[in-house]
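Please read the structure below before turning to the comments.
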2 protein chains.
Amino acid sequence: MSPTTRESRGPRMIDVARLAGVSHQSVSRVVNGSGGVSPDIRDRVERAVAQLRYRRHPAARALATNRTFSIGVVSFGLAQYGPSEALAGIAREAQEAGYSTSLTSLLDVDVDSMAAAVGHLVDDSVDGIIVLAPVDAALTAMAGVEVHVPLVLFYPGAHAHEQRVVTDEVQGAELATTHLLDLGHPTVHHISGPAGWLGTSARVAGWRRALEARGIHPPAIVEGDWTAAGGAACAAQLATRTEVSAVFAANDQMALGAIKTLNDAGRKVPDDVSVVGFDDIPGSEYFRPPLTTVRFDFAEAGRRAAHHIFELIAGGRPGPAGPVLPELIVRGSARHHPLTVIEQTDEQRRNP
Amino acid sequence: MSPTTRESRGPRMIDVARLAGVSHQSVSRVVNGSGGVSPDIRDRVERAVAQLRYRRHPAARALATNRTFSIGVVSFGLAQYGPSEALAGIAREAQEAGYSTSLTSLLDVDVDSMAAAVGHLVDDSVDGIIVLAPVDAALTAMAGVEVHVPLVLFYPGAHAHEQRVVTDEVQGAELATTHLLDLGHPTVHHISGPAGWLGTSARVAGWRRALEARGIHPPAIVEGDWTAAGGAACAAQLATRTEVSAVFAANDQMALGAIKTLNDAGRKVPDDVSVVGFDDIPGSEYFRPPLTTVRFDFAEAGRRAAHHIFELIAGGRPGPAGPVLPELIVRGSARHHPLTVIEQTDEQRRNP
DNA sequence: CAGAGAGGTACCACGATATTG
DNA sequence: ACAATATCGTGGTACCTCTCT
């Protein structure tokens, strides 16, 4: 009948030790699997642990080891498809490795917020940090902040780097653009993401590269904001110009909005204008027309980021994680150019 | 030139105390704002804190106070729109309250996985737990698990409860169904979510209630799986029956799939059959036709859940959190019944 | 005298409480 | 009475020592 002391707190290691008739140190060895314990003692300890339902105290452990077995994630735009998938991948990988995942979400992506978020995580003594905020500010903020903790950045570009998990979105954009070019379109117009996002520049770069590879001068970019409404507004600028026959939108949401605007303006997709999106969001297959788009396995990217962090934490010097590669998903929103005869080897035979 | 000891670890409270010429206890008072400190000492301490860039050590603090200032979130289906929004809301509210958010994502929703996830969080000594897994298994698992920690469940039903944050989805479904009924449709068919989800039963209940309020016997339910593909498959069963004129899909993804199937089958939406969705996912305004649907502020629900947890942690006995209410978003996918004359006060005048 | 297994002791960085000035 | 300080408790791990083959 002890008083309120130890109220609702579980048994301690020393309790287990007493019950098993060993030192608390032996209990520690068994619990942590450090080895060097005789089968007899191990058995007694395990029995006692089970009987008392002993669980080790993470704070005490963290205090003694100076490790928390948790990683921090700085995220922005969780509502977006890519980031939320990636987060799920991270959490999953972390769980399997015995780490917990601490989430910090950003309200703004200016350098100050970024630094504050990272500082927050550092204050929480996380063992590693994953920055899931693919914006320019993240890069500059990270350059300025000194962090004594392994840190990995999601980077939607082409350049591998020890501190980055790369989704090769320039290649993805190139795939999309080349696909349209292969369909005979003389050029491809681009509805880009908003400035300040790494994905925006990467996709612009890929689009431009594909064009220039064929000696085509890239037309002016129309800048959207990732939303369907933004895509619709952008497309309004394109819809009046009868020479535009192919549009590459930097994400599926904008593609969706663009398609609506184009159709409403009498420029039928895909008959008059072809549209290719980016992301392969759920449901894009059921758009009208079904959206031709570029898919990335963001969950896989998340898993790689977590895995990479663990290697860093373990003190390894892993090479840059391999880039996550895009896949072109051909559906119905892009067809050959109306005035172009194309060889019959193409894949566009859906509506004979 | 101390050896590798204290390597990469910041200053301790005692270091601050020494620099300020006070006891470590006074530093503690200042840092925690406990009061009872003379202005002089406070000032010296704050100066020393700033100079050394002192940050308190959360593990030590947790050990001494038996509180971690972190909450755990058990989540399932993060890829879904609702949960990911809610998670962002939770994280935000937690941050503002000085709590960190620890994420555990579920692979399966059977009772064992649920119990394991909660156990995991309890092992991490979180101060409170939010279960963001609106499935039946969560309810039964929670009933079986004994947790000595404040716990709040997301509950997409109608019943308020001290341990629940309610999104009144039965009212949402009722709104959708009644809207269709008001448009003159003799009955409303339902494409439901998969069994095992609380949201599924809630939406079925609301749909049924609306029907029965008018003395209509609910027709057979077609069960989907939340995906557009599932919705498309379900709609295939409905498309052949010319008497079905109104469909309420349990989420927007399924509505999207259903619309495609119906249109492909020659049953034009909204001319021949009306469709209403649920969730108001991004882009649903740009579907063809723009989707009439039901919106919930899931981020707000997340914030309420976090807020509620904090009150529980503080030892209060807050009443049940108020339910998050639905809003009907009328767009173009539902029209009056083709054979019904409706008063011209209705809102369906988009395409004159 | 090794080497392996077991135990003792010193922290880890802080908050709470009693005690002192 | 009030501000400031000593002392102890928090649950573990790291490292060293000791014993026993």
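What you see is a predicted model, and the numbers here were worked out from it, not measured in a lab.
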Taking only residues two or more places apart in sequence, or in another chain, which ones meet [X] in a salt bridge (Lys or Arg N to Asp or Glu O under 4.0 Å)?
{"X": "B:Arg92", "value": "B:Glu96"}
{"X": "A:Arg29", "value": "none"}
{"X": "B:Arg303", "value": "B:Glu300"}
{"X": "A:Glu162", "value": "A:Arg317"}

- Task: Return the angle between end axes of the helix from C:dA2-D:dT21 to C:dG21-D:dC2, with five pairs used per end and rounding to 10°.
- Result: 50°
Rounded to the nearest angstrom, tell me the gap between atom [atom1] in [X] and atom [atom2] in [N].
{"X": "A:Asp40", "N": "D:dT21", "atom1": "CG", "atom2": "P", "value": "15 Å"}
{"X": "B:Leu63", "N": "C:dA13", "atom1": "CG", "atom2": "P", "value": "12 Å"}
{"X": "A:Arg42", "N": "C:dA4", "atom1": "CZ", "atom2": "C1'", "value": "14 Å"}
{"X": "A:Asn66", "N": "D:dG12", "atom1": "CG", "atom2": "P", "value": "18 Å"}
{"X": "A:Phe69", "N": "D:dG11", "atom1": "CZ", "atom2": "C1'", "value": "16 Å"}

- Item | Sequence neighbours excluded - side chain to side chain donor-acceptor pair (under 3.5 Å) pairs with any residue from residues 133-144 of chain A | none
- Message: Return a single string for nucleotides 14-21 of chain C, one symbol per nucleotide in 5' to 3' order, where B is base contact, S is sugar-phosphate-only contact and - is none, cutoff 4.0 angstrom on heavy atoms.
- Response: BBBB----
- Please collect all salt bridge (Lys or Arg N to Asp or Glu O under 4.0 Å) contacts where either partner lies in residues 45-57 of chain B, sequence neighbours excluded, each pair once.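 Sorted result for residues 45-57 of chain B: A:Asp123-B:Arg55, B:Asp43-B:Arg47.
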- salt bridge (Lys or Arg N to Asp or Glu O under 4.0 Å): which pairs involve residues 67-89 of chain B, sequence neighbours left out? B:Arg67-B:Asp127
- Quick one: is C:dA4 close enough that its OP1 or OP2 comes under 4.0 Å of any side-chain N or O from A:Ser38?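 The answer is no; no side-chain N or O of A:Ser38 sits under 4.0 Å from OP1 or OP2.
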- Is there a side-chain polar atom (N or O) of A:Ser26 under 4.0 Å from OP1 or OP2 of C:dG7?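 Looking at the OP1 and OP2 atoms of C:dG7, one of them is under 4.0 Å from a side-chain N or O of A:Ser26.
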- Message: Could you check whether any side-chain heavy atom of A:Val122 comes within less than 4.5 Å of a side-chain heavy atom of A:Val126, counting everything from C-beta outward?
- Response: no
- Query: Quick one: ring pair (Phe, Tyr, Trp, His ring centres under 6.0 Å) partners of B:Tyr54, sequence neighbours excluded?
  - Reply: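 Scan of B:Tyr54 (ring pair (Phe, Tyr, Trp, His ring centres under 6.0 Å), adjacent residues dropped) gives none.
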- Task: Return the set of residues passing ring pair (Phe, Tyr, Trp, His ring centres under 6.0 Å) with B:Phe76 (not counting sequence neighbours), or none when no residue passes.
- Result: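 Only B:Trp197 meet the ring pair (Phe, Tyr, Trp, His ring centres under 6.0 Å) criterion with B:Phe76.
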- Message: Can you tell me how the ring of A:Tyr81 sits relative to the ring of A:Phe298, calling it parallel under 30°, perpendicular over 60° and tilted otherwise?
- Response: perpendicular
Any N/O pairs under 3.5 Å between the protein and nucleotides 17-19 of chain D? List them or say none.
none

